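Right, one structure below, let's go through it.
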Amino acid sequence: MSKVVVIGASNIDVIARSDDPIIAGDSNCGTVRKAPGGVGRNIAFALKALEFDVSMLTAVADDEYGNIILSGIRDAGIELVQKPLDSKKHSTGVYCCTFNGDGSLVCAVNDMKINETLSPELIEKNREYLESCDYVVFEANLAVPTIKAIASLDVKLVADCVSVVKTPKLAESLENLYLLKANFAEACTLAGVEGVEPDNEGIETVMQALVAKGLRRAIISLGKNGAFCYELTGLGTQGFDAKIMPNLKVASVNGCGDVLLAGFLRALSENMTLYDALLYGMAASGINAESLEAVSPELNFENVKRKYEENYEQIC
């Protein structure tokens with residue numbers, strides 16, 4: 001199986017979910033729980049669940065939260081590239097998010113200062129190892145100099161935008177990417193396009209703008225409208241879209257974009273068509289949406305294959 005190293009954030013998620021629609025400025029009844037998370041960590045776990053050989057270059061402190069995260073990473077069989085950091089100088093990252101009763105995100109606050117230790121010097125120190133992998137997956141929680149150092153690696157590079165605010169960090173590295181994962185707002189930001197809707201015309205406009213900036217391949221989540229992907233080949237640009245699976249019992253959308261990326265990349269690594277890769281990604285994301293975990297315990301290649309066959313195979 002393909003070897004992947006993920007460079008990115010690991011943190012503790014503090015997840016609050018209201019029983020009913022959120023009433024702003026008031027106390028809302030619901031549930032609050034803590035669990036390991038982080039974009040990089042979630043992607044790494046999703047890739048491992050889909051049978052990649054996964055290692056991770058991440059920053060956690062030798063503190064209570066860091067030990068929880070590291071224990072889970074080791075139990076999953078994911079190799080750690082560097083040791084935990086001194087808890088007297090650093091604290092493990094925390095991501096605090098609030099969800100409506102329907103599973104939609106209301107807002108989130110993150111404390112990710114520890115990720116500043118993922119430096120260009122650290123990338124250079126591990127260059128030989130990183131370039132020995134089939135893919136390097138990274139995310140925009142990293143600093144721009146670190147992203148530029150990663151972009152110089154001679155390996156297939158996969159990037160996740162993380163958020164609209166952090167997306168511009170990737171702007172100067174688009175030509176170096178094998179694959180980008182974004183949501184529609186993030187894609188618009190990178191494309192430099194404003195005032196468009198995620199309909200056929202808007203998606204075409206964004207795609208052409210991204211291609212013009214040198215981005216050859218992307219998967220773009222469209223929220224309740226599903227997802228879109230495109231690829232630039234010698235024959236031109238081809239794009240596909242796919243709807244969300246019907247009858248999903250959505251528990252949480254947390255981590256669904258990370259799992260979408262993992263499912264899509266697994267299919268590409270198996271030389272599936274771009275359209276099939278999109279549908280596999282959607283099937284994986286659908287499995288994840290029915291779980292409260294950042295990466296569903298039900299996520300594995302056989303379950304994704306079954307979901308794909310039940311919901312999408314007839315339209316291929």
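Computed over heavy atoms, backbone and side chain alike; hydrogens, waters and symmetry mates excluded. Because the structure is predicted, anything quoted here is derived from the model rather than measured.
For CD of E131, the number of neighbouring non-hydrogen atoms (other residues, nucleotides, ligands) closer than 6.0 Å is greater than 12. Atom CG of N200 is surrounded by 12 or fewer heavy atoms from other residues, nucleotides or ligands within 6.0 Å. No more than 12 heavy-atom neighbours from other residues, nucleotides or ligands sit within 6.0 angstrom of NZ on K305. More than 12 heavy atoms of other residues, nucleotides or ligands sit less than 6.0 Å from atom CG of D86. Heavy atoms of other residues, nucleotides or ligands lying less than 6.0 angstrom from NZ of K166 number more than 12.
Using a 4.5 Å heavy-atom cutoff, the side chains of L170 and I147 are in contact. Residues L80 and I73 meet the side-chain proximity criterion, which asks for heavy atoms closer than 4.5 Å. Counting only heavy atoms from C-beta outward, the side chains of I22 and T98 approach each other to under 4.5 Å. Side-chain contact check for S91 versus D63: some heavy-atom pair is nearer than 4.5 Å. Looking only at side-chain heavy atoms (C-beta outward), Y135 and L47 stay at 4.5 Å or farther from each other. For the pair T167/V165, no side-chain contact is recorded, criterion being any heavy-atom separation below 4.5 Å from C-beta on. Taking the side chain as every heavy atom from C-beta outward, V196 and V206 approach each other to under 4.5 Å. Between P168 and T189, the closest side-chain pair of non-hydrogen atoms falls below 4.5 Å.
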*Evaluate side-chain contact (heavy atoms from CB on, under 4.5 Å) for D199 paired with N225, printing each intermediate quantity in order.*
CA-CA 9 Å; D199 52 22; N225 294 323; over 6 Å; no
*Which is it for V94 and N110 under the side-chain contact (heavy atoms from CB on, under 4.5 Å) test, yes or no, and what are the steps along the way?*
CA-CA 6 Å; V94 177; N110 69 78; over 6 Å; no
*What's the verdict on side-chain contact (heavy atoms from CB on, under 4.5 Å) for L222 and F228, showing C-alpha distance, side-chain angles and the deciding distance?*
CA-CA 7 Å; L222 304 173; F228 173 83; 4.1 Å; yes
_Quick one, E290 with K307, criterion salt bridge (charged side-chain N to carboxylate O under 4.0 Å, His left out). Give me CA distance, side-chain angles, the key distance, then yes/no._
CA-CA 13 Å; E290 296 184 324; K307 282 283 190 182; 3.8 Å; yes
*Between L190 and L210, does a side-chain contact (heavy atoms from CB on, under 4.5 Å) hold up when you go through it step by step?*
CA-CA 7 Å; L190 270 181; L210 290 174; 3.9 Å; yes
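Each of E302, E310, E309 was evaluated against R306; a single residue qualifies, E310, per the salt bridge (charged side-chain N to carboxylate O under 4.0 Å, His left out) test.
Take Q208 and apply the side-chain contact (heavy atoms from CB on, under 4.5 Å) test, not counting sequence neighbours, and it matches E204.
Within the structure, ring pair (Phe, Tyr, Trp, His ring centres under 6.0 Å) contacts touching residues 33-85 (residues at least two apart or in different chains) do not occur. Evaluation of the ring pair (Phe, Tyr, Trp, His ring centres under 6.0 Å) test over residues 76-131, restricted to residues two or more places apart or in two chains, returns none.
One distance of note links CD1 of I123 with CD of E121; it measures 9.5 Å at 0.5 Å rounding. Separation of atoms CG (D62) and NZ (K88) is listed at 11.0 Å; rounding is to 0.5 Å. With rounding to the nearest 0.5 angstrom, the CG atom of D258 is 10.0 Å from the CZ atom of R41. M207 CE to L215 CG: the interatomic distance, rounded to the nearest 0.5 Å, is 11.5 Å. To the nearest 0.5 Å, the span separating CZ on R33 from CD1 on I15 amounts to 5.0 Å. Within the model, atoms OG1 of T92 and CD1 of I69 stand 5.5 Å from one another, a figure rounded to the nearest 0.5 Å.
Under the 3.5 Å distance criterion, the side-chain polar atoms of R216 are matched with a main-chain donor or acceptor of L177. At distances below 3.5 Å, not a single donor-acceptor pair connects side-chain atoms of S173 with backbone N or O atoms of A151. Checking side-chain atoms of N28 against main-chain N and O of I23 turns up a donor-acceptor pair under 3.5 Å. Panel note: side chain S152, backbone A149; a donor-acceptor pair is recorded below 3.5 Å. Between the side chain of N288 and the backbone N or O of S296, at least one donor-acceptor pair lies under 3.5 Å.
Side chains of N100 and S18: no donor on one and acceptor on the other come within 3.5 Å. Inspection of the N11 and D13 side chains reveals an N or O donor paired with an N or O acceptor under 3.5 Å.
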Please tabulate, one pair per line, all N/O donor-acceptor pairs under 3.5 Å involving side-chain atoms of residues 261-272, not counting sequence neighbours.
{"residue": "R266", "atom": "NE", "partner": "E270", "partner atom": "OE2", "Å": "3.2"}
{"residue": "R266", "atom": "NH1", "partner": "L50", "partner atom": "O", "Å": "2.7"}
{"residue": "R266", "atom": "NH2", "partner": "E270", "partner atom": "OE2", "Å": "3.2"}
{"residue": "S269", "atom": "OG", "partner": "R266", "partner atom": "O", "Å": "2.6"}

Exercise answer: donor-acceptor pairs, residues 234-252 side-chain atoms, under 3.5 Å, sequence neighbours excluded:
{"residue": "Q238", "atom": "NE2", "partner": "E231", "partner atom": "OE1", "Å": "3.4"}
{"residue": "S252", "atom": "OG", "partner": "N254", "partner atom": "N", "Å": "3.0"}

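The nearest pair of heavy atoms linking E139 to A9 is OE2-N, 2.5 Å. Between V155 and D134 the shortest heavy-atom distance is CG2-O, 3.8 Å. Taking both residues in full, the closest heavy atoms of L118 and G8 are given as CD1-O, 3.9 Å, listed atom of the first, atom of the second, then distance. Residues L278 and A227 share a closest heavy-atom pair of CD1-CB, 3.8 Å. Counting all heavy atoms, side chain and backbone alike, G66 lies closest to V60 at CA-CB, 4.2 Å. Nearest heavy atom pair, residue V14 against residue K34, reads CG2-CG, 4.0 Å.
Cluster note: L85 groups with I114 through ILVMFWY side-chain heavy atoms spaced under 4.5 Å, whether in direct contact or through intervening members.
The hydrophobic clustering, which links ILVMFWY residues whose side-chain heavy atoms are closer than 4.5 Å, places V211 and I220 together. Under the 4.5 Å side-chain heavy-atom criterion for grouping Ile, Leu, Val, Met, Phe, Trp and Tyr, L174 is connected to V193 within one hydrophobic cluster. Linking Ile, Leu, Val, Met, Phe, Trp and Tyr whenever their side-chain heavy atoms come within less than 4.5 Å leaves I43 and L57 in two separate clusters. A continuous path of ILVMFWY side-chain contacts below 4.5 Å connects V32 to I68, so both sit in one hydrophobic cluster. Hydrophobic clustering (side-chain heavy atoms under 4.5 Å, transitive across Ile, Leu, Val, Met, Phe, Trp, Tyr) groups I203 together with Y230.
Taking the ring centre of Y178 as origin, the terminal cationic atom of R217 falls inside the region bounded by 6.0 Å and 45° from the ring axis.
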